[in-house]
Amino acid sequence: MQVIRRSLESKSIYGKSADIILSSWRTGTQKQYSTHINKWLKYCGEKQVDPLYPSIADIISFLTGLYEQDLSYSSLNTARSALSSIITIDSIAVGSHPIVTRFLKGVYNLRPPMPRYKQIWDVSVVLQYLKTLHPLSSLTLKDLTHKLVMLILITTAQRLQTLLMLNIGLMEIQNSAVVFSFHKPMKQSNPRNAKRPLILEAYLPDKTLCLQCFTRIY
């Protein structure tokens, strides 16, 4: 982020204004960007290039080096976004430069992204096992936690980040559901898509798989 701050200061953006702009990158994005920006700084040091004012040839050479390290299309796309946060060429963010976008299209054709998951598993096997973890009052805290987490994941298909942000202080118990609100933005949150409350509805046909039953333990 220090490099991004330097880039902002080169455009006469200082102090609080720079702080606000820097806060637009969330912690996860900062970690992703830092890897590629550090590689870029190393490249510039070896080639004696100004990291904030390179030529388009330097950008392509750097990305080609990453490609030759067998990085995936997704990783190269992240590198492009990282460089866009600090570099403009001809008043265009470097990631949007026609030559860079054409380069990434070439990478996509030569090394198309593969699906993250190639196999699926039978949910019914897990549900049958979870049904045996009953009654809840007889379970250890470990088994109780594992059952609750697995049921939430199966029934809501939420990211792990969502589970980490569940807070009983923001929990509301209703007649047929348990509702969790969130006080922090998440990865998929944006100004047009605020994170909605997570609603865990009761499953009346089978109490051994009912999420609301856990509120009795609570």
With a 4.5 Å cut-off on side-chain heavy-atom distances among I, L, V, M, F, W and Y, is there a chain of contacts connecting M114 to V107?
no
Which residue pairs satisfy the salt bridge (charged side-chain N to carboxylate O under 4.0 Å, His left out) criterion with at least one member in residues 128-150, sequence neighbours excluded?
K131-D206
OG1-CG distance between T155 and L127, expressed to the nearest 0.5 angstrom:
9.5 Å
I'd like to know whether V179 forms a side-chain contact (heavy atoms from CB on, under 4.5 Å) with M171, so could you lay out the CA-CA distance, the side-chain angles of the two residues, the decisive distance to 0.1 Å, and finally the verdict.
CA-CA 6 Å; V179 180; M171 180 180 73; over 6 Å; no
Could you see if I173 belongs to whatever hydrophobic cluster contains L204? Use Ile, Leu, Val, Met, Phe, Trp, Tyr and a side-chain cutoff under 4.5 Å.
no
Would L141 end up clustered with L130 when hydrophobic side chains under 4.5 Å apart are linked, directly or stepwise?
no
T156: which residues meet the side chain to side chain contact (heavy atoms under 4.5 Å, CB included) condition with it, sequence neighbours left out?
I152, Q158, L198, L200
Who pairs with F62 by ring-ring contact (aromatic ring centres under 6.0 Å, His included), at least two apart in sequence or on another chain?
W40, Y43
Listing request: all side-chain hydrogen bond (donor to acceptor under 3.5 Å, both in side chains) pairs with a residue in residues 80-96, at least two apart in sequence or in separate chains.
N77-R80
Show the nearest heavy-atom pair for residues V126 and I154, with the distance to one decimal.
CG1-CD1, 4.1 Å
Evaluate the criterion side-chain contact (heavy atoms from CB on, under 4.5 Å) for residue pair F182 and T162; output intermediate values, then yes/no.
CA-CA 9 Å; F182 301 95; T162 303; 3.7 Å; yes
Rounded to the nearest 0.5 Å, what's the gap from CD1 on I59 to CD1 on I87? Could you check?
4.0 Å
Atom pair CD1 (I86) and CD1 (I37), whose distance is rounded to the nearest 0.5 Å:
5.0 Å
Not counting sequence neighbours, list each pair that qualifies as a side-chain hydrogen bond (donor to acceptor under 3.5 Å, both in side chains) and has a residue in residues 120-130.
D122-S124
Non-hydrogen atoms of C210 and A202 that approach each other most closely
SG-CA, 3.8 Å
Ignoring hydrogens and angles, tell me if any N or O in the side chain of D58 forms a donor-acceptor pair with the backbone of P54 under 3.5 Å.
no
Residues in side chain to side chain contact (heavy atoms under 4.5 Å, CB included) with K31, at least two apart?
T27
With clusters defined by side-chain heavy atoms of hydrophobic residues (ILVMFWY) lying less than 4.5 Å apart, directly or transitively, does I92 cluster with I60?
no
Approximate separation, where rounding is to 0.5 Å, of Q174 CD and I199 CD1
7.0 Å
To the nearest 0.5 Å, tell me how far H36 NE2 sits from L66 CG.
7.0 Å
Minimum heavy-atom distance A79-L63, with the two atoms named
CB-CD2, 4.2 Å
Residues in side-chain hydrogen bond (donor to acceptor under 3.5 Å, both in side chains) contact with T101, at least two apart in sequence or another chain:
none
Any pair counted as ring pair (Phe, Tyr, Trp, His ring centres under 6.0 Å), so long as it reaches residues 66-112, sequence neighbours left out
Y73-Y108
List the residues meeting side chain to side chain contact (heavy atoms under 4.5 Å, CB included) with T35, not counting sequence neighbours, and say none if there are none.
K39
dist L133:CG -> M150:CE (nearest 0.5 Å) comes out at 11.0 Å
Do L41 and V49 belong to the same hydrophobic cluster, where Ile, Leu, Val, Met, Phe, Trp and Tyr are linked whenever their side-chain heavy atoms lie under 4.5 Å apart, directly or via other members?
no
Return the set of residues passing side chain to side chain contact (heavy atoms under 4.5 Å, CB included) with P112 (not counting sequence neighbours), or none when no residue passes.
none
Can you list everything that forms a ring-ring contact (aromatic ring centres under 6.0 Å, His included) with Y203? Sequence neighbours excluded, please.
none
Can you run down the salt bridge (charged side-chain N to carboxylate O under 4.0 Å, His left out) pairs that involve residues 95-115, sequence neighbours left out, and say none if there aren't any?
D70-R111
